[in-house]
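Input: a single structure, listed below in structure tokens.
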Amino acid sequence: YLSRDPSVEEILFEFDSESKRATSKGIKLKRVKICGYGEPILRFNDLFPIVEYVKEKYPDVEVQLATTGWPYFRYISEDITLLKKLRETGMSHIFLSLNATNNYRYKKVIRPGISNIDEEAFSDALKFAEAVRDADYEVTLGFVRLNGIDENEVRKLSNRLGIKYRMRNFEK
């Protein structure tokens, strides 16, 4: 944990260190996932140099963003132009941590923590899911098996959106 957000330079330095460590052990990088102890799309403009750097060093690697998605249309842009530009930069996959199939559960599990946003965060996340799907990303809806999540409901939502999903077990 850091007391502040790392700079882009610090992120790239750590990426270099870890990727060199992995490749020196004979590991071939297949995917680089951008995530964090926070919401990475709140630093949307920083994603461009990070993705460009990764793709320059490892052109064949898949670059994936793990996000809740809901802040995009509130804080980043009113349309999908920037999403398309990020796709052109080399971001190819969005892992959308949804973890709920309705607004009530979403507020309970995700807890955006801002009362005037809580009411719309779930619908904002779904809007983001549709936007990245329409911007030609590979998209996966992520769900953690907790709080009685119903996989049949997950499947229905996934089918309605035309987006695949992944269930994973809760790990302490």
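Just so you know, residue 1 is the first one in the sequence shown, and it goes up from there.
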Begin from the C-alpha positions of R74 and D124 and carry the test salt bridge (charged side-chain N to carboxylate O under 4.0 Å, His left out) through to its verdict. CA-CA 8 Å; R74 288 181 178 271; D124 289 346; 2.6 Å; yes

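- Annotation: salt bridge (Lys or Arg N to Asp or Glu O under 4.0 Å) contacts of R168 (sequence neighbours excluded): none.
- Side-chain contact between E10 and R4 is present, with at least one heavy-atom pair separated by less than 4.5 Å.
- Note on V54: it clusters hydrophobically with I34, by side-chain heavy-atom contacts below 4.5 Å among ILVMFWY residues.
- The CZ atom of R87 sits 10.5 Å away from atom OG1 of T89, with the distance rounded to the nearest 0.5 Å.
- Closest non-hydrogen pair, I80 versus A135, comes out as CD1-CB, 4.4 Å.
- Side-chain contact between F143 and E151 is absent, with no heavy atoms from C-beta onward closer than 4.5 Å.
- For F44, the ring-ring contact (aromatic ring centres under 6.0 Å, His included) partners two or more places apart in sequence, or in a different chain, are F48, Y72.
- Qualifying salt bridge (Lys or Arg N to Asp or Glu O under 4.0 Å) partners for E62, counting only residues two or more places apart in sequence or in other chains: R31.
- Residues that satisfy the salt bridge (Lys or Arg N to Asp or Glu O under 4.0 Å) test with E130, not counting sequence neighbours, are absent from this structure.
- A donor and an acceptor atom, one from each side chain of T81 and D79, are located under 3.5 Å apart.
- Under 3.5 Å, the side chains of E120 and S123 contain a donor-acceptor pair of N or O atoms.
- Across A125 and Y106, no two heavy atoms sit closer than the pair CB-OH, 3.8 Å.
- Residues K85 and E88 are not paired through a salt bridge, judged by the lack of any N-O separation under 4.0 Å between the basic side chain and the carboxylate.
- Both F128 and I76 are part of a single hydrophobic cluster, where members link through side-chain heavy atoms under 4.5 Å apart.
- Listed by chain and number, the residues in a salt bridge (Lys or Arg N to Asp or Glu O under 4.0 Å) with R160 amount to none (sequence neighbours excluded).
- Between I149 and M167, some side-chain heavy-atom pair lies under the 4.5 Å cut-off.
- Taking each heavy atom of V63 and G90 in turn, the nearest pair found is CB-O, 3.9 Å.
- For residues 44-58, the side chain to side chain donor-acceptor pair (under 3.5 Å) pairs, not counting sequence neighbours, are D16-Y53, D16-K57, S19-Y58, R43-D46.
- Note on V51 and F13: separate hydrophobic clusters, where clusters join Ile, Leu, Val, Met, Phe, Trp and Tyr whose side-chain heavy atoms are under 4.5 Å apart, directly or indirectly.
- Side-chain contact between E138 and K164 is present, with at least one heavy-atom pair separated by less than 4.5 Å.
- One N or O on the side chain of R133 and one on the backbone of L161 form a donor-acceptor pair closer than 3.5 Å.
- Under the 4.5 Å side-chain criterion, counting only non-hydrogen atoms from C-beta, L29 is in contact with T23.
- Two residues are said to be in side-chain contact when any heavy atoms from C-beta on lie closer than 4.5 Å; T67 and L96 meet this criterion.
- For the residue pair Y137 and H93, the shortest heavy atom distance occurs at CD2-N, 4.1 Å.
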